[in-house]
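Predicted model only: the values in this text are computed from it and were never measured.
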Amino acid sequence: MASKTAWALAAISTLTIGLAGCGSSSAQSSPTSTSSSSPQVAQAPISGGTLNVGIDSDFVTLNPAMSSALIDRQAFINIFDPLLKLSPTMTVEPNLVTHWTITNGGKTYTLFLRHGVKFQDGTPFNAQAVIYNWDWEMNPANASPRRSNLALVQSLSAPNPYEVVVNLKAPYSAFLSILTGRTGMISSPTAMKKWGSAYGLHPVGTGPFKFVQWIKNDHMILEKNPLYWQKGKPYLNKIVYTPITNPVQEYNALVTGQVNVIDGVPFQDVSSLSSNSSLKYAEKPGLGYADMELNTQAAPFNNVHNREAINYAINREALNQLLYFGHAIPAYTQFSPASWAYDPKIRVPFSDTLAKEQLVKAGNPHGFSFTLLGDNDPITIQEMQAIQSELAKVGITMHIEPVDFTTLLTDAINGNFQADLLGWSGRPDPDQNSYAFDTTGGSFNDPRYSNPEVDSLLLKAREASSQSVRKQYYDQAAAIVLHQAPYIFLEYTPVIQAWSPSVHGFTVYPDGLMRFSDVWIK
């Protein structure tokens, strides 16, 4: 697996900024909300027009095989059609793969490809293109972050141009879900060979929009793909992405009409959105969460009772109200309410009494001290200060050390920390949110946590074919991880996006990706 710095931390930088500002006063009881509007007569889509999109940071690379940043996926989802797609409820559905079979005890996947699809450069999309991409990603010399997703692949073959046979070393129930993301976004082999290491500046996929121009830190332009396999789509002629790193300025750009859609709303502004008839918005539970990581191999967190004391001492609902204006949901596991593995019964109470009992068991009745690393931005510092205040009530002294994001990630990977404040943007299959984080030696296991029972449960979960059976394993593992507390889960973060009433056909997804193939503007 790629290190968490690659997948999670770039994602968390975006998350943390957005984290401190989105919310809904009734997020837990009513996790999905939308702007109020009177019923409208369905209108036929209109072709043409330019959609101006505000995003919270600039893209890093437009090569899905090399991307590690969450923001890149906003472009990918419109340039590249994934092999399989996600529904708004995060269900895996056919796309470029029209159907599939699973045989050999869950170790052989046969993928049947859609006929007649072309890449945006006119070359054919076929089984050989898929295998070319995956061979490239599995080659260690290319250092692709996608290599971890394909680690269980034993062999690939193409019996015909529209059939890919994937033989795995072991059953892997999350494999289809992985094909909805960057691993399933297939690039034109012709373009990859032509541009080489510069391909990230010249992407060619099969999606509804083709790449035209990218002026870094200013804008990126996509145009309608005339070769798109879904006839009549997309409706838009052009998309212009503009990075606006200040959340308030991004929101103001929507209010003033500079952009038509934004990828996030400052939490403090959501309440005003609900009464603003000149804008539309939707709020849904996201797949991601924020958490503290505790280094289980170093004092004081090599003592499980010190870790559990922090678990009880943090008032998650108070953090939610202070930082998210009530729009987040207190978190206790790696599975958010947007996941089928979520179980609201797996939780710990907020209790200073129980926290002090754990301190006594740890041999520290008067508390202990430690240092928390966090990103050096105002919102993260505010969250650290709030946690510091909570812990002081039970005698735990927490020192705050803001660092630049690169240092934060490097220290997390290298184990050079007592505690850090990070998070995860989340993935649709629970395996992708747990296995690499919780198993012994897992690539995202910054706390160096090790528990043979958890290892066994998560392995059984990824090999089981039944979702109900998998959920039983995830429930058991999540309960163990919660009470052994290598992570202190803080909040599940919502996806809140807003747009102009002139924008039609836009749907907000729990993964936060803005899909524009069905969008039209009037």
Side-chain angles (χ1 to χ4, degrees), residues 1-13 15-16 19 288-314 316 319 330-336 348 368-377 380-381 383-384 386-388 390-391 396 398-426 432-451 454 458 477-478 480-493:
M1 286 286 276
S3 136
K4 188 191 277 188
T5 65
W7 257 9
L9 296 175
I12 297 313
S13 175
L15 251 176
T16 307
L19 273 171
Y289 60 83
D291 69 331
M292 292 171 60
E293 297 182 330
L294 307 182
N295 190 338
T296 66
Q297 301 301 306
F301 296 123
N302 53 355
N303 187 318
V304 66
H305 298 295
N306 285 336
R307 304 197 302 264
E308 186 79 312
I310 291 180
N311 228 357
Y312 289 120
I314 293 179
R316 291 164 172 83
L319 286 179
Y332 301 94
T333 76
Q334 284 144 329
F335 312 127
S336 86
V348 293
F368 61 91
S369 64
F370 73 98
T371 298
L372 176 69
L373 304 182
D375 194 15
N376 188 19
D377 71 81
T380 301
I381 292 172
E383 183 155 22
M384 291 195 292
I387 294 170
Q388 181 184 53
E390 290 289 305
L391 298 184
I396 299 174
M398 188 182 87
H399 304 288
I400 293 173
E401 186 175 335
V403 296
D404 67 88
F405 198 64
T406 300
T407 299
L408 177 65
L409 299 186
T410 302
D411 286 347
I413 291 172
N414 294 332
N416 184 28
F417 69 101
Q418 291 180 300
D420 60 39
L421 185 64
L422 285 170
W424 176 235
S425 58
Q432 298 169 277
N433 299 320
S434 59
Y435 192 86
F437 295 85
D438 300 336
T439 56
T440 302
S443 56
F444 290 177
N445 188 346
D446 294 340
R448 276 64 176 169
Y449 172 66
S450 179
N451 183 307
V454 172
L458 293 180
I480 295 170
V481 171
L482 173 62
H483 286 284
Q484 294 204 325
Y487 306 94
I488 306 297
F489 302 105
L490 298 172
E491 58 266 336
Y492 302 116
T493 53

Exercise. Mind running side chain to side chain contact (heavy atoms under 4.5 Å, CB included) on Thr296 and Gln484 for me, showing each step along the way?
Key: CA-CA 10 Å; Thr296 66; Gln484 294 204 325; over 6 Å; no

Exercise. Under the side chain to side chain contact (heavy atoms under 4.5 Å, CB included) rule, what do Phe370 and Asn306 come out as? Steps first, then yes or no, please.
Key: CA-CA 11 Å; Phe370 73 98; Asn306 285 336; over 6 Å; no

Practice problem: Might you work through the side chain to side chain contact (heavy atoms under 4.5 Å, CB included) test for Ile310 and Phe301, ending with a clear yes or no? | Solution: CA-CA 10 Å; Ile310 291 180; Phe301 296 123; 3.4 Å; yes

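Distance check: Thr410 OG1 to Asp404 CG gives 8.0 Å after rounding to the nearest 0.5 Å. With values rounded to the nearest 0.5 angstrom, Phe417 atom CZ is found 8.0 Å from Leu422 atom CG. One distance of note links CD1 of Ile413 with CG of Asp446; it measures 6.5 Å at 0.5 Å rounding. Atom CD of Gln432 is separated from atom CZ of Phe444 by 10.0 Å, given to the nearest 0.5 angstrom. Interatomic distance, Leu421 CG to Glu383 CD, rounded to the nearest 0.5 Å: 5.0 Å.
Side-chain atoms of Asp291 never come within 3.5 Å of backbone atoms of Leu490 as a donor-acceptor pair (strictly under, hydrogens ignored). Between the side chain of Asn445 and the backbone N or O of Thr439, at least one donor-acceptor pair lies under 3.5 Å. Of the possible donor and acceptor atoms, one in the side chain of Gln388 sits under 3.5 Å from a partner among the backbone N and O of Met398. Gln418 places a side-chain N or O within donor-acceptor distance of the main-chain N or O of Thr371, the cut-off being under 3.5 Å.
The ring pair (Phe, Tyr, Trp, His ring centres under 6.0 Å) test applied to Phe489 returns Tyr289, Tyr487, not counting sequence neighbours. Under the rule for a salt bridge (charged side-chain N to carboxylate O under 4.0 Å, His left out), Glu401 has no partner lying at least two apart in sequence or in another chain. Judged as a side chain to side chain donor-acceptor pair (under 3.5 Å), and not counting sequence neighbours, His399 has no contacts. Here Asn302 pairs with Ala299 under the side-chain contact (heavy atoms from CB on, under 4.5 Å) rule; sequence neighbours left out. Residues meeting the side chain to side chain donor-acceptor pair (under 3.5 Å) test with Thr406, sequence neighbours left out: none. Residues passing the side chain to side chain donor-acceptor pair (under 3.5 Å) test with Asn295, sequence neighbours excluded: none. The side-chain contact (heavy atoms from CB on, under 4.5 Å) check on Asn416 picks up Asp411, with sequence neighbours excluded. Every residue two or more places apart in sequence or in another chain that forms a side-chain contact (heavy atoms from CB on, under 4.5 Å) with Arg316 is listed here: Asn311, Ile314, Pro330, Tyr332, Val348, Ile488. Judged as a side-chain contact (heavy atoms from CB on, under 4.5 Å), and not counting sequence neighbours, the contacts of Ala478 are Thr333, Phe335, Ile346. Asn303 meets the side chain to side chain donor-acceptor pair (under 3.5 Å) test with no other residue; sequence neighbours excluded.
Closest approach of Pro402 and Asn376 over heavy atoms only: CB-OD1, 3.6 Å. Scanning both residues, Ser450 and Thr440, for their nearest heavy atoms gives OG-OG1, 2.7 Å. The shortest non-hydrogen separation linking Pro300 to Ser369 is CG-O, 4.0 Å. Taking each heavy atom of Asn414 and Arg448 in turn, the nearest pair found is C-NH2, 3.2 Å. Nearest heavy-atom pair across Arg307 and Pro486 is NE-N, 4.0 Å. Nearest heavy atom pair, residue Pro447 against residue Leu294, reads CB-O, 3.1 Å.
Ring orientation note: the planes of Trp424 and Phe437 are nearly perpendicular, at an angle over 60° on the 30°/60° scale.
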